[in-house]
Each structure stands twice: as structure tokens, then as C-alpha cells.
Amino acid sequence: MAIFALIDANSFYASCEIAFQPGLVNRPVVVLSNNDGCIVAANAHAKALNRYLTKPLGSGGYRAAQPTSIMFQPYFKVERLLKAHKTKVFSSNYELYADMSQRLHTLIGQFAPKQEIYSIDESFLDLTGFEKHNLTDYGQQIRQTILRGLGLPVAVGIGHSKTLAKLANHLAKKGDFSGVLDLTVLSEPAINLLLKNVAIGDVWGIGKQLRQQLQAVGIHTALDLKLADPHKLSKRFSVNILRSHLELNHQACLQLDEVDEPKQQILRSRSFGQAISERHDLRQALVNFASRAAEKLRAQGSVCQAVTVFCTTNPFKPEQGAYRNSCSLRLALATDDTRLIAEQVKIGVDKLWREDFLYHKAGVILSELSQKSQQQNDLFAPALNEKSAQLMAVMDQINQKMGKHSLHLASQDHANQRWAMRQNHHSPRYTTNWQELLTVS
DNA sequence: TCTGGGGTCCTAGGACCC
DNA sequence: TCTGGGGTCCTAGGACCC
């Protein structure tokens, strides 16, 4: 029988910050999204502040106020609460988190021949054939290695399917298991007892909508889904639910995905630090996004044939006027040249632009991607330009060596960006920038 | 004043074909 | 007068994930 492990860092972004400022370990710590918009990571001390929050009553007043979570709360709404409890607040420092993530996955990978890097802070391992080891001890070894090597706390969940490994990981974080839970050695009644206490919405793949639909047919816990009649499930729901049902019954439907497939679309979007009211600024912002997207495109060796541009006003301020629109453009020949993509973006901006709106967010999507190495010339399109490839390669090299945006298009106008992100609580890039190394006094 | 960003997969429905 | 049915492909939108 297959055995999967899921290793997952506890509140990863917050833990990365604490790793470099260990004095914070007993204080609430939160990390904010771009623009210091809302809370995207919180350590246990910060999550404990949940008890001070309650959801407002529904408009009918019939629903009881429920405690809610500080996760994903807009920062300005909880700023006072956080301050009152001496919370350390960080803007997101993705350069640091990405570097820590690489180190984390490298360490995890040493514990099994097959690894799937599932997200910035999660890896699956294939532990099939490791049955003769004590896998709980093995999980503890993984935890110790990562704690010693990176100062990051992780939890380890083990089961006969990915869904069960996820679920075990979820339970391992909760307390009674010292960070490691191996379901493969538990009896069926013992497992069922655990599943009975997992809400259906906490099962991997069940979001808000499906949770409500499942609850409506009497499925409230992971155990309910495990014991449900598969025929009834497949009549009423999509194949995903049936798959979850099987996976909860120890039948692995999802395999380990070892190879890192190239992305099928590349998206770069941002909310602006300050709303945009001039076409020139929107164009400048979108050309900047296009430039970053094109870098990512080249980094995975792809070319794109479609460019989509979108923009929207602030959905939280409809009184300022609401407008959102998008525009897709196709290129005659797929490309990875920043200049050609930027050209399309400018055309898109002119199509989308309406006077008298305050633009709050915009983005660029590159799609219809294919591998550059397999690209064919089109009889009716301009021939592939070798100089373009050389120029882009030089641009990428210089920017990698000298820092982002060292070399950019004039229309990006890098010194003068009124719409740039707000980031008032940024920590140093300890591991990726010589100017920002940790100093020890 | 201040509300994130980047992805994948699935499905329904329309266009089109024979 | 009577006006089918089945298949494929594509796209938009919804739902989910972290």
C-alpha cells in the first residue's frame, strides 16, 4: 500500500521572520499581504487574539455573532487590537520567504527518494516501502533536522493517500501529537474517531461552496464523507468529491507529482499603493507587470501567444464608480520578447481605458504558452528574431546580477512610480542581499 | 487613509460538423 | 406538412488550493 507524508511549515511567513529575530518567539507576530493590505500569516500567539474578534450580526439579526479569525482580516481593522497586544507586524518579504522555501524543500528531499514540492511551504514525500521503520520517529527526525537547519517549526502527517496525509498534518499541528501523526499504524476505529472531529470544510479540496452543499445532505465531518454512499455522491457531486471519499478510505487516487511542469499561464497583478487616474500611469504599471511576467516566461523556457490585460476600480468603494474590464490580444507568432509583449499591453490599455474612474488594481496574463524549443516558424508571420533572444538573455543576466530593473524598458520609468506598493514594515532580505545580512552584536 | 496574489482543474454551454 | 441527434472542440466562469 502506498504511504504518503506531508511536511508543512507552521505559519511559514511568520516563522521565517521569527527565525531571524528569535526574541519574537513569545510575542504575537503577523505578516501582511502586498500593500500591507490584510493579514496572510500569524503565529499561534497572534491567532490567540481571535477570541477578541466577533463577526457582526447578519442584517436580519437572526444569526448569532460568531468568533472569527484574524487571518485575512484587513490590517486597518485590527491594527489597534494588534498594537494593544504588542504584536510585531511585518510587510511581506517574498525574497526572504522564497529563499527559505528552497532551503526547506532541499532538507525535506533528503528523507525520501521521491518528493513533490506542493507549495511554498509544503512537500509530499513518498514513503512507500518505509513501513518497517517507525514512521513517527522518522517524522520527528525530519522536524528536528529542519528546526536545527533553518529554525522553522514543521508538522508531519502520514497516511495511505495524499488526502489522509494532509488530514494527519492538520491534526498533528493541533496539539496532542508533538507535531507528527502517522495514521498508517492506527486501527480503523481509532482513525474514525479522529475523522469524526474534523469538520468537512477542513478536508483537502472542500471549500466554502462544497461544504455548504455537503452539509445540506447531512455530511458534516470527514468521517461522514468517508462513510457516505459513493453512488449517491457521484450522482450529486463532481468527480472530486468521489475522489476525496475514496482517498479517505485509504485508496490513493492522487499520485505524487514529481516533475515541475511549466506553468500554463503566467499572471502578474497588483493593487496600487495609490489609485491611478491617468492613462500614462496605468500604462506604466502594466508595462512593468508585463516585464516581470515575461521574465518568468523566459525563466521556464516558454513563449506565449496570448496577452490579456485587465483593470478594476476599488470593489470596496462602489460609490467612486465601478468599472472592470479585460482585453485579450493574440500575437501572430508566440514570443518571449518583453518589447513585443509590452506593445500588446499598450494596445490593451488603450482599449480598456475609460476616463473618470479611479483604478485600483490591474494585471497582465500571459497564456497559450508553449515551449520555445519546440517553436515553429510561421509562413505568414515575421521570422523569429535571433537578436531578440540575445537581447532578452543579456537583460535577464544583468538584472539577475545587478538587481531587478537594472535594465528595463524606458516606458517602465522605474524612478517615478506613483502607484508603487505600500510596505511600511519590511524586514531585511537576510539571505539574498549582501547589504542586508543579519548583524550580531 | 488603509481590504493580496498566483495558480489549476472541472463543467456547462455554445459553435460547429456530419 | 413534417425540421434530428450525436459528437468534438473551445471558452468563460466557478471552485478550489496555498
Side-chain angles (χ1 to χ4, degrees), chain A residues 6-13 30-41 68 70-80 82-83 89-94 97-98 101 104-105 116-124 162-163 166 169-170 200-214 234 236-244 253-254 257 260-275 289 292-293 296-297 300 306 308 310 312-318 320 324 326 328 330 358 360-369 421-425:
Chain A
L6 178 72
I7 298 95
D8 172 336
N10 304 349
S11 39
F12 179 59
Y13 297 168
V30 299
V31 179
L32 305 179
S33 64
N34 281 327
N35 268 319
D36 294 344
C38 55
I39 294 172
V40 292
T68 181
I70 67 165
M71 286 293 285
F72 300 103
Q73 289 291 316
Y75 176 50
F76 73 92
K77 285 192 181 171
V78 290
E79 192 175 352
R80 286 183 58 181
L82 296 181
K83 263 199 185 126
V89 175
F90 291 96
S91 300
S92 39
N93 182 348
Y94 286 109
Y97 311 149
S101 168
L104 172 70
H105 291 307
E116 172 185 343
I117 296 174
Y118 177 66
S119 77
I120 193 163
D121 73 329
E122 287 172 78
S123 265
F124 285 103
K162 281 177 152 183
T163 302
K166 272 285 230 185
N169 178 283
H170 171 78
I200 188 66
D202 289 334
V203 175
W204 191 33
I206 312 292
K208 196 178 162 203
Q209 303 296 323
L210 285 171
R211 170 171 57 89
Q212 288 172 356
Q213 291 172 36
L214 286 164
S234 52
R236 196 149 191 157
F237 298 96
S238 80
V239 293
N240 297 315
I241 296 292
L242 193 63
R243 202 148 50 201
S244 299
C253 304
L254 302 165
D257 226 341
D260 193 9
E261 297 286 344
K263 302 263 181 274
Q264 298 175 37
Q265 65 175 37
I266 291 172
L267 185 153
R268 185 79 180 178
S269 77
R270 283 286 179 277
S271 298
F272 303 124
Q274 196 181 328
F289 300 164
R292 283 291 296 151
K296 286 199 263 178
L297 185 70
Q300 67 167 31
T308 302
F310 65 89
T312 168
T313 53
N314 191 338
F316 298 99
K317 292 182 176 170
Q320 292 180 352
R324 60 185 305 162
S326 71
S328 290
R330 284 198 93 239
L358 286 172
H360 168 259
K361 177 181 177 175
V364 171
I365 304 169
L366 307 182
S367 54
E368 295 185 38
L369 308 192
M421 275 199 284
R422 269 188 311 278
Q423 288 203 311
N424 295 329
H425 311 276

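Every chain is numbered from 1 and lettered A, B, ... according to where its sequence line falls, protein lines coming before strand lines. When reading the values below, keep in mind they use all heavy atoms of this one structure, side chains included, and skip hydrogens, waters and symmetry mates.
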Pairing donors with acceptors under 3.5 angstrom, does anything connect the side chains of [X] and [Y]?
{"X": "T313(A)", "Y": "H360(A)", "value": "no"}
{"X": "N35(A)", "Y": "S271(A)", "value": "no"}
{"X": "S328(A)", "Y": "T308(A)", "value": "yes"}

For P74(A) and for Q264(A), locate the closest nucleotide of DNA chain B by heavy-atom distance; then report the residue assigned to the nucleotide nearer the 5' terminus.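 Residue closer to the 5' terminus by nearest nucleotide: P74(A).
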
I'd like to know if the side chain of S101(A) and the backbone of I120(A) have a donor-acceptor N/O pair within less than 3.5 Å. yes

Between Y13(A) and Y94(A), what is the ring plane arrangement, given parallel below 30°, perpendicular above 60°, and tilted in between?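 Ring orientation, 0 to 90° scale: perpendicular.
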
Proximity to the side chain of [X] - top-ranked nucleotide from [options]:
{"X": "N34(A)", "options": "dC18(C), dG7(B), dG5(B)", "value": "dG5(B)"}
{"X": "S238(A)", "options": "dT8(B), dT1(B), dC10(B)", "value": "dC10(B)"}
{"X": "R270(A)", "options": "dA15(C), dG6(B), dC2(B)", "value": "dG6(B)"}
{"X": "L267(A)", "options": "dC10(B), dG7(B), dC17(C)", "value": "dG7(B)"}
{"X": "K263(A)", "options": "dC10(B), dG7(B), dC17(C)", "value": "dG7(B)"}

How does DNA chain B read in dot-bracket, base by base from 5' to 3', with Watson-Crick or G-U pairs under 3.5 Å and | used when the partner is on another strand? ....||||||||||||||

I'd like to check V31(A) versus N93(A) (side-chain heavy atoms, cut-off strictly below 4.5 Å). Are they in contact? no

Take atom P in dC18(C) and the same atom in dT3(B), then report the distance between them in whole Å. 25 Å

